[in-house]
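Data block below; observations after.
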Amino acid sequence: MKPSKVLIVDDETEFASTLAERLRLRGYDAKAICNAGDIFTIAKNDPPDVILLDLKMPGMSAIEILMTIKGIAPKVKVILLTGHLNLEDKIEGIRINNFTYIMKPVDIKELTEKIDSVLEKNKKE
Amino acid sequence: MIGISIPSFIALIGGILTYEYINDVKKRQELVLIADDLKEHVLEVRRNEKNFLHYKNEEYFNNLKAETSALTGSINGISLKNKKKIDADSLSLLQKLNQSYLRLIDDLYKNYQQETAVIEQVRTEGRKLETLSESGKYSPKLSVSSVLHLRLLEKNYMLFRDKNSLNALNNSLSEMKNLTPSCYECTPYIDALHNLMTLNEKSDSIVNELQATGNEFERITGEIARHEKQYIDSFFTLTQRLILLTLVLLCTLGPLFVYKTASYIAAPTKRLSDIIKKISDGDISLRAPLKEHDETYSLAMSFNAMLDDLQFTQESLGKSLTLLHEKQKQLILETETLASLGKFAVGVAHEINNPLAIINEKTGLMKDIIEVSDDFPIKNKLLDILSGISNSVSRCRVITHRLLGFARRTDAEYERIDINNLIKDVYGFLEKEIFYKSIQLNLNLKENLPVFQSDKVQLQQVFLNIIKNAIDAVEIKGIIDVSTDIKNGNIIRVSVRDNGCGIPEKIHKHIFDPFFTTKEKGKGTGLGLSLTYGIVKKLGGNISVESEVNKGATFIVDIPINTPPTKKHI
């Protein structure tokens, strides 16, 4: 079975690369990028199964990024990574119905469960 | 007071004087009547006197006497008091004259009676003399013609009773005596005539005296009547002058008194109005001047009392306002302190959270690598150490997440809220957790509650925190009741009741304090209820707790329907 493709988008390089390595150790095809602008190219040309997206990306709001990804690659699942999730964002995320989140610092077990859970859902769909 | 009392006093004095005066005049009228009466009687006496002197008979004598007596009666009838008032001297003179008058008419009447008798005698003797002459005894000295001539003269005398006829008669008698000195028969006639002459003389003298007395009567009574008339006349003149004087006084003093009186009333009123103006300009410490005999005394008293009250009220209001300002400043200071503390906490949490995440990942990676490597002597020890780091990171994570809870919108945004829908939304967020813990959560939502304006997101956070607290408090299979209601028609009340461990009474007052927690070390930050409390207060509501240890706790949130229209800033 082909490993699930996970794209980590976070401006904290150390965090993103380390997390990617840990996920790879757990059998995921994980990749980290630091520039939010690259997401859309990757999402278009080589769409991952799951994007782990830091809410605090410079230049765009998380909700805008979410909407854009949904437009380019509707099948891609997004899990928001955040230090603090604003309640408004939480509600807005629920409204656009393509949203799971996990708080930083992440618990790796919780994260893999969430990734598997959204991918499971994706398969059913 | 003076303005009224002076004219009243003058009117009173004038009234008394006028009354006395008119009374006096009224009494004088009586005297006038008396004077008129006397005058009338005197005139009547004089009329009868004329008749008596003319007819000389008994009838007129009686009439005259009766009238004279009536006059006497009139004079005597005057009271002593009136006599003094009229003229006592004149009246007593009148009385004396009256008595002598009475005597005179008596004398006169007697004289007249004698005269009548003597006249009869003269006629008888005359006729005898005629007879004697006709006999011719003393002829030719005593002729018939000379006797007839004598009788003619006698008749003339009786008829005219003037000096000429008397002289002619006397001459004729002397001539007869001289011619017939021896004629003794002639003597009675001559004597009778002389006798008559004497009586006539006497009568004339009495008549003169009588008429003089009568004139005196008229003069005195006339004098009295004139005197009384003059008195009445002077009364009218005086009254006339008095009326004139009153008119002059009324025209001159009247306006003066009115002016004085008006100014007497107006002056204190003006003083009062001046004071009121000054007070209304702001100087409330001023008071109306008090003058005890002023028309406005009681008004000024009440006004001052009112001012005292007003000043007292103003002062206590001022004190309350100062106190309020102080409290407000204190509150603002506290709020500002809390707000900056919150911002500071958020900043710190953000700064710490990212390196914390990196520490977490690096530690995790180390663990991952060691776990997949072959066994080496300190492998387990290293894994233990790394687990210790991971656990500490987890504890830090809880703290930073709680601190970041402060990073909320600072402006309350008001929108229309249906509290039941809001509670259902919150329930939606927590549904999974409730399900996993097998908690029974009952929603007792009252229908048709009014929709109100408030900050939806912050209210959601409030109930999220409270219900999460309840979830933490109850054991597995615990029961939580969330109910909504309306209180007093203007307050929405949400109660969250759990059957958990409860809150001991001694810590009731601390549960809303920041960093206060009863959860075991590492599980609570002590910020949840503090944040909740802050939000509820900011939205104008109230939060309270009722609890009994081991029976559970009930959090009650009251939110006013009439939320303030202005945005609040923290």
Side-chain angles (χ1 to χ4, degrees), chain A residues 6 8-28 30 32 34 52-58 62 79-95 97 99-114 117-118 121, chain B residues 345-347 349-373 389-409 413 422 425-426 428-429 431-432 455-465 531 535:
Chain A
V6 180
I8 304 165
V9 189
D10 198 307
D11 56 346
E12 286 278 357
T13 319
E14 287 281 354
F15 172 79
S17 58
T18 314
L19 184 60
E21 202 178 337
R22 290 184 80 190
L23 285 176
R24 281 198 296 274
L25 279 174
R26 283 168 176 75
Y28 295 91
C34 303
L52 301 182
L53 176 65
D54 190 335
L55 263 179
K56 279 169 64 84
M57 292 299 289
I79 295 173
L80 290 176
L81 282 172
T82 176
H84 158 253
L85 190 67
N86 214 328
L87 204 71
E88 293 157 81
D89 291 336
K90 204 189 275 183
I91 293 158
E92 185 65 13
I94 291 167
R95 198 179 63 78
N97 198 25
F99 170 77
T100 310
Y101 74 95
I102 189 155
M103 303 284 275
K104 280 160 82 174
V106 295
D107 181 80
I108 193 74
K109 201 178 162 210
E110 191 187 340
L111 179 65
T112 53
E113 276 175 7
K114 278 210 168 140
S117 159
V118 295
K121 221 186 261 177
Chain B
V346 168
H350 259 301
E351 292 307 315
I352 290 173
N353 207 44
N354 281 331
L356 199 64
I358 296 169
I359 295 170
N360 188 49
E361 293 315 314
K362 295 291 182 190
T363 315
L365 184 59
M366 278 168 75
K367 268 174 84 180
D368 290 349
I369 292 167
I370 292 170
E371 269 171 359
V372 295
S373 19
I389 297 173
S390 289
N391 287 341
S392 294
V393 168
S394 292
R395 278 174 63 185
C396 285
R397 187 171 68 156
V398 173
I399 293 170
T400 53
H401 285 180
R402 283 291 180 185
L403 282 176
L404 285 164
F406 279 117
R408 62 187 186 276
R409 280 191 322 205
E413 284 204 355
L422 190 136
D425 284 347
V426 172
F429 302 151
E431 204 172 7
K432 274 184 187 169
D455 189 305
K456 189 175 178 180
V457 173
Q458 298 206 23
L459 275 182
Q460 281 176 332
Q461 193 158 8
V462 165
F463 295 113
L464 203 64
N465 285 346
L531 282 174
I535 292 170

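Side chains are part of it too, since the values below use all heavy atoms of this structure and drop only hydrogens, waters and symmetry mates. The sequence lines fix the lettering, A, B, ..., with proteins before strands; numbering per chain opens at 1.
- Counting non-hydrogen atoms of neighbouring residues, nucleotides and ligands closer than 6.0 angstrom, the CD atom of E113(A) exceeds 12 such neighbours.
- In terms of heavy atoms, K362(B) sits closest to T18(A) at NZ-OG1, 3.0 Å.
- Contacts with chain A were tallied for L365(B), I359(B), V393(B), D425(B); L365(B) has the most, counting heavy-atom pairs under 4.5 Å.
- The distance from the CG atom of D11(A) to the CG atom of N354(B) is 7.5 Å, given to the nearest 0.5 Å.
- Contact detail for R22(A) and D368(B): the closest heavy-atom pair is NE-OD2, 2.9 Å.
- Inter-residue side-chain proximity for L356(B) and K104(A) is flagged as unmet; no heavy-atom pair is nearer than 4.5 Å.
- Residue contact with chain B, scored on non-hydrogen atoms closer than 4.5 Å, involves the side chain of L25(A) exclusively.
- Of the listed residues A349(B), C396(B), A357(B), S390(B), the one with more heavy-atom pairs under 4.5 angstrom with chain A than any other is A357(B).
- Heavy atoms closer than 4.5 Å to chain B are found in both the backbone and the side chain of E14(A).
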